[in-house]
Amino acid sequence: MVAIRSARVFDGERFLDGGGTVLVRDGRIVGVEPGFPDLGTDWEIVDCSNGTVLPGLIDTRVHLVADSQQDALDRVAGFTEEEIDEVVTDGLRRSLTGGVTTVRDLGDRLFNVVGRRDRQRHTPGLLEPTIVASGPPLTSPGGHCYYMGGEIPDRATLDAAIRARADRGVEVIKVMASGGMTTAGSDITGTQFSVEDLRFLVDRAHAAGLPVAAHAQSLASVEAALAAEVDAIEHCSCMTENGPVVTDDLIERLAASEIVVGGCSGCAQ
C-alpha cells in the first residue's frame, strides 16, 4: 500500500486546500484524503512535495503507428512490423512520461495497435497507457490513409469491415469522411462517402455497439457526418475551396446534435 503526499493535489475538479494524500492499494486509487493524515506503519509514504498529483490525462486522438518525425503518416506504409512495434512502444512511453495514462488511437495500420492493446490485457503490471483502439480507419479506395488497410469500395466491404473490427474488439470505428492533407490525391474540400453510405456505416456500427468517429476536414464532410449522426467529428475544419467556412447555423446544429467535436488539432493530417 502506497500513500502519495503532495502540497498540490488536483482531484479532477479542484485543487485540495492544503495539499492531500492519494492512497493506492494493489495498483488502484482507493482514496484521496485532504492534508497529510497519520496512516500508521502499513503504508509506504511517497513524498511529492515539489510536484503536482493529478488524475492520469487522456489523449483522445493519436496515431501510435506514426512517429513524431516530418511526414510521419506518409512513412507508415513503408514500416516493417518490427519498426511499427518500435514506434508504438516509443509513442506509449512518451505519452506516459507526459502524464497520459489513456490514449484513443484513431489510425491503426493492419490492426498493429489492436494487437498491442491485446498484449497489454494479457500482461499484468505493464507500465503503458491504456489503449482505446479503432483498428484501420475506413476510407475510400486510394483515399486518406488508404495504406493502413481500410479501403472500402462498396457497402458489402463496409459491412464486412465493421464486423471484422467488432470481432477484434475495437472500441470505436474511425471513418475518413474527407480526404487529408498528407495523402496525395485525396480531396480535403469534398467527401469520401455519401451521406447514405455514412448513415449505413453508422447504423451497422451502432448495431455492433460501437461509436463512430469521423475525420472531417471539409465543410461538406462535416455536413455529411452531421446528417449521418456520427458520434464524434475529428478536426471539423470546415474547409472549402475558398478557405474555412463556419456559420452560426452550423455551430448551433452541431451543439444541438451533441456530437463530440475534436477541434482542429492536427489539421495538417
Side-chain angles (χ1 to χ4, degrees), residues 2 4 6 8-13 22 24 26-29 32 46 48 50-77 79-137 145 148-150 165 168-174 176 180 182 210-211 213 215 231-236 260-269:
V2 178
I4 303 171
S6 178
R8 293 178 296 277
V9 175
F10 181 69
D11 67 3
E13 296 181 350
V22 179
V24 181
D26 297 328
R28 293 183 177 276
I29 296 173
V32 179
V46 177
C48 294
N50 292 325
T52 299
V53 177
L54 71 162
L57 303 175
I58 300 173
D59 192 335
T60 61
R61 181 181 167 275
V62 301
H63 297 296
L64 286 173
V65 296
D67 59 26
S68 59
Q69 305 303 312
Q70 186 173 356
D71 300 324
L73 279 178
D74 291 345
R75 293 184 291 104
V76 167
F79 285 160
T80 65
E81 294 294 313
E82 291 75 16
E83 288 172 330
I84 286 284
D85 192 60
E86 291 174 1
V87 169
V88 171
T89 297
D90 186 59
L92 290 171
R93 179 187 61 80
R94 290 173 180 268
S95 294
L96 193 60
T97 300
V100 175
T101 57
T102 300
V103 295
R104 178 170 168 257
D105 186 88
L106 294 181
D108 197 356
R109 191 195 79 171
L110 301 175
F111 294 98
N112 291 92
V113 175
V114 172
R116 184 56 166 262
R117 181 210 60 188
D118 294 343
R119 192 190 315 172
Q120 286 184 346
R121 293 177 176 178
H122 293 92
T123 311
L126 185 64
L127 292 178
E128 289 183 347
T130 298
I131 297 172
V132 175
S134 71
C145 293
M148 289 182 172
R165 283 154 179 74
R168 291 295 298 264
V170 304
E171 288 90 358
V172 57
I173 297 291
K174 172 71 177 295
M176 301 301 195
T182 64
L210 295 169
H215 161 108
D231 302 283
I233 295 176
E234 308 298 321
H235 303 299
C236 203
V260 176
V261 175
C264 291
S265 63
C267 281
Q269 299 176 358

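Sequential numbering from 1 along the given sequence is applied to the chain's residues.
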Considering non-hydrogen atoms only, spot the tightest contact between [X] and [Y] and give its length.
X    : Y    : result
L57  : G98  : CD1-O, 3.9 Å
R104 : A232 : NH2-CB, 3.9 Å
C48  : V53  : CB-CG2, 4.3 Å
P211 : D231 : CA-OD2, 3.2 Å
C236 : V261 : CB-CG1, 3.7 Å

G149 backbone acceptor or donor facing R109 side chain under 3.5 Å: no
Flag, side chain of R8 to backbone of N50, donor-acceptor distance under 3.5 Å: yes
Between CG on residue L64 and CG on residue D105, distance to nearest 0.5 Å: 4.5 Å
Reported NZ-to-SG distance for the pair K174 and C145, which is rounded to 0.5 angstrom: 7.0 Å
Chi angles and distances behind the salt bridge (Lys or Arg N to Asp or Glu O under 4.0 Å) call for R117, E171: CA-CA 11 Å; R117 181 210 60 188; E171 288 90 358; 3.3 Å; yes
Do the side chains of [Y] and [X] get nearer than 4.5 Å, heavy atoms only?
X    : Y    : value
P136 : R165 : yes
V100 : V62  : no
P129 : L96  : yes
R116 : T89  : yes
R75  : D67  : yes
N112 : D85  : no
E234 : M176 : no
D108 : V65  : yes

V22/V46 under side chain to side chain contact (heavy atoms under 4.5 Å, CB included): CA gap, chis, key distance, verdict: CA-CA 10 Å; V22 179; V46 177; over 6 Å; no
Test side chain to side chain donor-acceptor pair (under 3.5 Å) applied to R61 and H215, step by step: CA-CA 11 Å; R61 181 181 167 275; H215 161 108; 5.3 Å; no
Quiz item: cation-pi between R168 and F111, 6.0 Å / 45°: yes
Trace of the side chain to side chain contact (heavy atoms under 4.5 Å, CB included) decision for L110 with I84: CA-CA 11 Å; L110 301 175; I84 286 284; over 6 Å; no
Criterion side-chain contact (heavy atoms from CB on, under 4.5 Å) against T123, the qualifying member of Q120, R119, R121: R119
Heavy atoms of other groups near I29 CD1, more than 12 under 6.0 Å: no
